[in-house]
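See structure below.
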Amino acid sequence: MIMASKTNVLYLLLPSFISIYLLEKEKIMANSYTDVPEIKFHMEHPLMKRIVELKERNYADYGQYDYAPKDYEDAQENYDSLLEITGDINANIIGPNSEDVDAEGPHCENGRVRYASKTYENLDATIKAGLCGMTMPRRYGGLNLPNVVYTAANEIIAEGDAGFENIWSLQDCIETLYEFGDEDQRKRYIPRVCAGETMSMDLTEPDAGSDLQSVMLKATFDEKENCWRLNGVKRFITNGDADIHLVLARSVEGTRDGRGLSMFIYDKRNGGVDVRRIENKLGIHGSPTCELVYKNAKAELCGSEKLGLIKYVMGLMNGARLGIASQSVGAEQAAYEEAINYARDRKQFGKEIINFPAVYDMIARIKAKLDAGRSLLYMTARYVDIYKALDDISKERKLTPEERDEFKKYSKLADAFTPLAKGMNSEFANESAYDSIQVHGGSGFMLEYKCQRVYRDARIMSIYEGTTQLQTVAAIRYITSGFYANVIKDYEAEPVAAEYESYAVRIKDMADKLAYCTNKAKEANNQDFLDLCSRKLYEMTAYTIMCHLLLQDTQRAPELFGKSLVVFMNYAESEVAKHFNYVLKLDVDQLASYVQE
């Protein structure tokens, strides 16, 4: 029996356009969760028992909150119920609203943002369903969900409208305030986010994009009012007119690097920040990307001074990057659905085009990348869950030696896997959206078809929250240190059923090619040469790991992943071989040829 949860209780109060889910469920066919059994599969991974045990502190909240589970099975039923509700809202509200939102977009009126009309419907539905502050502890009004479940909800909503997902998913910024703010700040701000108020992270500036050390928004302490004051401009701020902002600002006068930066909390209720303009973008039209002007805006310090970039933004960005990875998988799912549905209906030369090899090759590749990328996404989310839960517990009591070892293991895995999940899935989203349009042919170029919006929306995913090039920079130290190689060896040591042994042999060959290329790049003892090889090494690493993860998934559920394993292995092998040949033939003396003046 499912425990009465916060979500279930709120859902009973929804207006008729949503509560039809409960009253006439049999009439509704579409559900973005139940229609995609691969998501539920990832909710049932063996590591989930440990994650739930840590997150629920051995179910200590049971009896104190009417929506707290009593055991693992009860927790899983609640997760399933919540994701089913999310899937219904997405399929029947967010998705159907997406084209209107894309066409209208947000507007800037008197220094404030006004969302597209139907964005308010989307917000109303998610707020009334309790889909806010999802990972926050129950004592602050949150649902205390593992990051894995939040990741699934993120993916589901992104499939319907990546622009709206940007607004909704920024609730994740509250993780940084929860981790680094003081208890007074937690009590004042977290319940507001759990009740549906929006957030933004104000990092970039006109002269400080990827190079956040160059941030110059000025923070000065107001002795008279006992608060900080912010002055300057922020640019490319997603959902920039949010209720609560986390702001990176320079608090140490005279500094020019990251050591002078601190993190601040700005509350829109206090005024002092205006939206100068909303950017006119290629895609994600529902998400307002703002230029903000801070004029003596009142703010409060979050955490300790001078650690804004060095510590807090790094944590904030890792969470954001995992969020973009899940957004990317949602876009991949949308691209796949648009491609396969069109190919099943469209006839040419007397038969459905899905029966033509040129078409089903593209669709099979989209699905294979989707399944492999999703496996990488959820494994990363599990690693994040375990290390974050143990970090949280360490603030309540001393960790045991076994727990300290577990924390070290999973924190490193989470840090290493996040750039792989973000970079590869954002690239897959772009590639799959491109192929989806190609499946549609000329129709895909017309605005009447959703695939063109998915294509436009996907383009930003490999750029914001750290370009794929920056994800490569984040990952390369784990390549050259041998960390990924050890992870791959651990995967190789896992048992493989006889019928899949040939796949394990092929993955081992990919790992050997990676090892050769890594050694060559290191032995050259030339930083430019390593930098030139790094993207190749990054992708070879990711393909090898994704093949292992997809093989593991296939052995547990061959009916879901068997076909994708065949297709993705062929694709990944060819990509690894391509990169191997590139590095094999590259010479330090050729470096000058790559510089175009």
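Since this is a predicted model, take the numbers as computed values, not measurements.
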Assess whether a salt bridge exists between Arg192 and Asp267, defined as any Lys/Arg side-chain N lying under 4.0 Å from an Asp/Glu carboxylate O. yes
Side chain to side chain contact (heavy atoms under 4.5 Å, CB included) between Leu248 and Leu217, intermediate numbers included: CA-CA 8 Å; Leu248 184 65; Leu217 187 86; over 6 Å; no
Salt bridge present between Glu403 and Arg397 (N-O < 4.0 angstrom): yes
Here's a test for you: under ring-ring contact (aromatic ring centres under 6.0 Å, His included), which of Trp228, Phe180, Phe221 qualifies with Phe264? Trp228
Between Gln64 and Arg138, is a side chain to side chain donor-acceptor pair (under 3.5 Å) present by the stated rule, with each step listed? CA-CA 10 Å; Gln64 297 184 56; Arg138 295 183 184 92; over 6 Å; no
Over 12 non-hydrogen atoms of neighbours within 6.0 angstrom of CD in Glu183: yes
Residue Asn296 excluded, over 12 heavy atoms near CG under 6.0 Å: yes
Using modelled atom types and a 3.5 Å cut-off, is there a donor and acceptor pairing between side-chain atoms of Lys268 and backbone atoms of Asp241? yes
For a quick check under 3.5 Å, do Ser214 and Asp211 share a side-chain donor-acceptor pair by atom type? yes
Short question: side chain of Asp182, backbone of Gln185 - any donor-acceptor pair under 3.5 Å? yes
Measure across Thr255 and Gly260 and return the closest heavy-atom pair with its distance rounded to 0.1 Å. OG1-CA, 3.4 Å
Please check this pair: side chain of Asn58 against backbone of Ala60, looking for a donor-acceptor N/O pair closer than 3.5 Å. no
Hey, is Lys118 close enough to Glu121 for a salt bridge, meaning N to O under 4.0 Å? no
Look at the side chain of Thr198 and the backbone N and O of Asp243, then say whether any donor-acceptor pair between them is shorter than 3.5 Å. yes
Looking at Glu104 and Arg114, is there a salt bridge between them, counting it only when a charged N and a carboxylate O are closer than 4.0 Å? no
Between Glu179 and Lys311, is there a side-chain N and carboxylate O pair less than 4.0 Å apart? no
Keeping the roles fixed (side chain from Arg456, backbone from Leu282), state whether a donor-acceptor pair exists under 3.5 Å. yes
Do the ring centers of Tyr115 and Trp168 come within less than 6.0 Å of each other? no
Side chains of Ser462 and Arg459: do they bring a donor and an acceptor to under 3.5 Å? yes
Which heavy atom of Met43 sits nearest to which heavy atom of Tyr378, and what is that distance? CE-CE2, 3.7 Å
Is it true that Lys128 and Asp124 have a side-chain N and a carboxylate O under 4.0 angstrom from each other? yes
Any Lys/Arg nitrogen of Arg188 or Asp184 sitting under 4.0 Å from an Asp/Glu carboxylate oxygen of the other? yes
Any sub-3.5 Å donor-acceptor pair from Asp74's side-chain atoms to Lys70's backbone N or O? yes
Under the side chain to side chain contact (heavy atoms under 4.5 Å, CB included) criterion, do Gln213 and Arg256 qualify, and how do the steps go? CA-CA 7 Å; Gln213 289 194 98; Arg256 305 287 298 182; over 6 Å; no
With side chain to side chain donor-acceptor pair (under 3.5 Å) as the criterion, how do Ser251 and Glu305 come out once you've worked through the C-alpha distance, each side chain's angles and the decisive distance to 0.1 Å? CA-CA 8 Å; Ser251 61; Glu305 197 179 350; 3.0 Å; yes
Expected output: side-chain Tyr72 to main-chain Met48 donor-acceptor under 3.5 Å: no
Counting only heavy atoms not in Lys395, do more than 12 sit closer than 6.0 Å to its NZ atom? yes
Tell me yes or no: between the side chains of Glu84 and Thr34, is some donor less than 3.5 Å from an acceptor? no
According to ring-ring contact (aromatic ring centres under 6.0 Å, His included), who are the partners of Phe428, at least two apart in sequence or on a separate chain? none
Would Asp385 and Asn147 satisfy side chain to side chain donor-acceptor pair (under 3.5 Å), going step by step from the backbone distance to the final call? CA-CA 6 Å; Asp385 262 325; Asn147 192 65; 5.1 Å; no
Distance only, no hydrogens: is a donor on one side chain within 3.5 Å (strictly under) of an acceptor on the other, for Asp392 and Tyr178? yes
How far apart are the closest heavy atoms of Thr135 and Pro146, and which atoms are they? CG2-O, 4.4 Å
One should read off an interatomic distance between Leu145 CG and Leu143 CG, to the nearest 0.5 angstrom, of 5.0 Å
Going from CG on Asn425 to CD on Glu155, what distance comes out if it is rounded to the nearest 0.5 angstrom? 9.0 Å
How long is the straight-line distance from CG of Asp274 back to CZ of Arg112, given to the nearest 0.5 Å? 5.5 Å
Give, for atom CZ of Arg250 and atom NZ of Lys218, the distance between the pair rounded to the nearest 0.5 Å. 11.5 Å
Tell me if a side-chain donor or acceptor on Arg382 pairs with a main-chain N or O of Val148 at a distance below 3.5 Å. no
By side-chain hydrogen bond (donor to acceptor under 3.5 Å, both in side chains), Tyr33 pairs with (sequence neighbours left out) Asp80
So which atom in Pro106 and which in Val113 form the shortest heavy-atom distance, rounded to 0.1 Å? CB-CG1, 4.3 Å
Would you say the side chains of Asn430 and Tyr455 form a donor-acceptor pair under 3.5 Å? no
Between Asp457 and Arg453, does at least one N-O distance fall below 4.0 Å, as a salt bridge requires? yes
Closest non-hydrogen atom pair, Lys422 against Gly466: NZ-O, 2.7 Å
Do the side chains of Asp202 and Lys234 get close enough for a salt bridge, i.e. N-O under 4.0 angstrom? no
Any donor-acceptor pair under 3.5 Å from Ser81 side chain to Asn78 backbone: no
So does Asp257 pair up with Arg259, basic N to acidic O under 4.0 Å? yes
Worked verdict on Lys298 versus Glu225 for side chain to side chain contact (heavy atoms under 4.5 Å, CB included): CA-CA 9 Å; Lys298 181 179 179 181; Glu225 297 293 331; 5.8 Å; no
Audit row: Phe236, Glu205, side chain to side chain contact (heavy atoms under 4.5 Å, CB included) steps and yes/no: CA-CA 7 Å; Phe236 294 155; Glu205 298 179 5; over 6 Å; no
Mind checking whether Tyr410 and Tyr383 have parallel, tilted or perpendicular rings, split at 30° and 60°? tilted
Can Lys450 and Glu337 be counted as an ion pair, charged N to O under 4.0 angstrom? no
Looking only at heavy atoms, the pair that brings Thr126 and Leu123 closest together is OG1-O, 3.1 Å
Measure the CG-CD1 distance between Asn31 and Ile156 for me, rounded to the nearest 0.5 Å. 7.5 Å
Side-chain H-bond candidate by donor/acceptor type, Asn154 with Gln327, under 3.5 Å: no
Quick check on side-chain hydrogen bond (donor to acceptor under 3.5 Å, both in side chains): which of Glu279, Lys281, Arg235 does Thr289 satisfy it with? Lys281
Nearest 0.5 angstrom please: Ser287 OG to Leu170 CG, how far? 7.5 Å
